[in-house]
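Since the model is a prediction, treat every value here as computed from it, not as a measurement. Chain identifiers are assigned alphabetically (A, B, ...) following the order of the sequence lines, protein sequences preceding nucleic acid strands; residue numbering begins at 1 within each chain. Quick note: numbers below take in every heavy atom, side chains included, and nothing from hydrogens, waters or symmetry partners.
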2 protein chains.
Amino acid sequence: MNSLKQIDRGALSDALDHSGQRTTPQRETVFSVLLDERDHPTADEVYTRTKSRMPSISMATVYNCLETLVSCGLVKQVNIEREPTRYCPNLAPHAHFHCRDTGRVYDVPVPAGMMKDLAKVLPGEYSADSVELVFRGHLSKGKKQ
Amino acid sequence: MNSLKQIDRGALSDALDHSGQRTTPQRETVFSVLLDERDHPTADEVYTRTKSRMPSISMATVYNCLETLVSCGLVKQVNIEREPTRYCPNLAPHAHFHCRDTGRVYDVPVPAGMMKDLAKVLPGEYSADSVELVFRGHLSKGKKQ
DNA sequence: AATTTGATTTAGAATAATTCTAAACTAGGT
DNA sequence: ACCTAGTTTAGAATTATTCTAAATCAAATT
Ligand SMILES: [Mn+2]
Ligand SMILES: [Mn+2]
Ligand SMILES: [Zn+2]
Ligand SMILES: [Zn+2]
């Protein structure tokens with residue numbers, strides 16, 4: 001019993017089935033780690049958190065599970081500059097904000113359809129299947145951390 | 001005599017002076033390589049091209065020069081997924097398009113003010129000093145390469 | 001002109017995130 | 001119970017980049 005809610009467990013096994021991969025305790029646990037704290041952890045952070053729930057898991061498996069979750073569409077990779085890849089289970093179109101002070105990455109909701117509309121700046125010969133919008137700057141003190 | 005136009009040579013020494021760094025043949029040559037072919041080369045590609053104009057240059061110096069040019073604001077780093085960092089001397093606000101087929105990266109002009117306007121989606125406590133917009137997809141055949 | 005000094009260049013070593021390899025393990029289907 | 005393909009695992013390999021320390025350079029001073 002990891003902390004996956006029934007609905008998330010369903011989404012996980014559907015997505016894995018659909019892409020011909022098995023549901024395993026390691027994959028469930030890694031997925032639950034991502035859903036529990038949505039702070040865009042790195043593979044290393046996912047490893048630490050997963051290990052506390054499943055001490056036998058290895059770093060290689062964490063990388064494998066993350067790659068599996070990405071490949072079946074449940075998780076997105078977020079790359080900011082040359083930092084280690086971060087992982088985001090938020091499937092809604094959204095932007096990211098990277099705080100230069102803390103290094104933290106936040107989800108930024110965007111109005112419905114806006115991400116798609118951005119692609120209108122593309123000349124006709126370009127056709128985009130993904131749009132990535134990243135802000136970098138500072139959080140005014142007082143808010144969050 | 002490297003292939004720097006007089007106007008670019010001026011911009012270079014101004015920017016270097018302003019940040020307390022010296023104008024050197026290596027820096028001039030690396031800068032001219034970036035200006036001559038605006039295809040967002042990697043450090044490795046910059047090294048190859050620079051070496052053909054200045055055979056004695058080393059990889060370490062290319063990295064150093066690129067870092068210098070970035071630090072004085074003449075060049076921007078462009079990071080796409082986990083690929084090697086690319087370098088872009090286009091100082092106008094613009095977006096990038098990454099072709100999944102060829103791996104090439106293209107500049108996409110955006111309407112004046114649009115990049116700034118994007119920051120309006122940010123909640124009040126966020127203040128962005130940089131906005132990055134990257135499209136990924138395919139170029140319709142026929143166009144470019 | 002020679003000397004000093006700090007910046008720059010250079011080759012090669014070190015680093016670190018990620019991927020690869022190959023062996024052990026697991027589980028579903030016969 | 002056995003087969004088989006998929007998964008997990010430890011550790012080695014990879015690779016872009018950074019670091020180190022010595023050599024070189026050039027502006028400023030003597
Ligand atoms: Mn901040
Ligand atoms: Mn294409
Ligand atoms: Zn996110
Ligand atoms: Zn560009």
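- Looking only at atom types and distance, the side chain of A/Gln21 has a donor-acceptor partner in the side chain of A/Ser71 under 3.5 Å away.
- In this entry the distance linking CD of A/Glu81 with C1' of D/dT18 reads 16 Å, nearest Å.
- B/Leu16 has its CG atom 15 Å from the P atom of D/dA26, to the nearest Å.
- Comparing B/Arg86 and B/Pro25, the nucleotide of DNA chain D nearest to each residue sits closer to the 5' end for B/Arg86.
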Determine whether B/Leu118 and A/Phe135 satisfy the following criterion, side-chain contact (heavy atoms from CB on, under 4.5 Å), listing intermediate values before the conclusion. CA-CA 9 Å; B/Leu118 286 178; A/Phe135 300 98; 4.3 Å; yes
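- Against DNA chain D, the stretch residues 53-80 of chain B makes heavy-atom approaches under 4.0 Å through B/Tyr63.
- Using cut-offs of 30° and 60° for the angle between ring planes, the A/His40 and A/His94 rings count as tilted.
- Looking at B/Asp36 and B/Lys5, no side-chain N of the basic residue comes within less than 4.0 Å of a carboxylate O on the acidic one, giving no salt bridge.
- The shortest side-chain heavy-atom distance between A/Lys76 and A/Leu91 falls under the 4.5 Å cut-off.
- Taking the six-membered ring where the residue is Trp, B/Tyr106 and B/Phe97 present tilted rings, their angle falling between 30° and 60°.
- Under the side-chain contact (heavy atoms from CB on, under 4.5 Å) criterion, B/Glu37 pairs with B/Asp39, B/Arg49, not counting sequence neighbours.
- Note that the first and last nucleotides of DNA chain C, 5' to 3', having any atom under 4.0 angstrom from a heavy atom of chain A are C/dA17 to C/dT19.
- B/Thr42 comes within 4.0 angstrom of nothing in the nucleic acid, heavy atoms only.
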Quick one: do A/Asp129 and B/Arg100 satisfy salt bridge (charged side-chain N to carboxylate O under 4.0 Å, His left out)? Show the steps, please. CA-CA 10 Å; A/Asp129 54 60; B/Arg100 291 188 194 279; 2.5 Å; yes
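- Residues B/Gly20 and B/Arg82 both approach DNA chain C. Their nearest nucleotides, taken by heavy-atom distance, put B/Gly20 toward the 5′ side.
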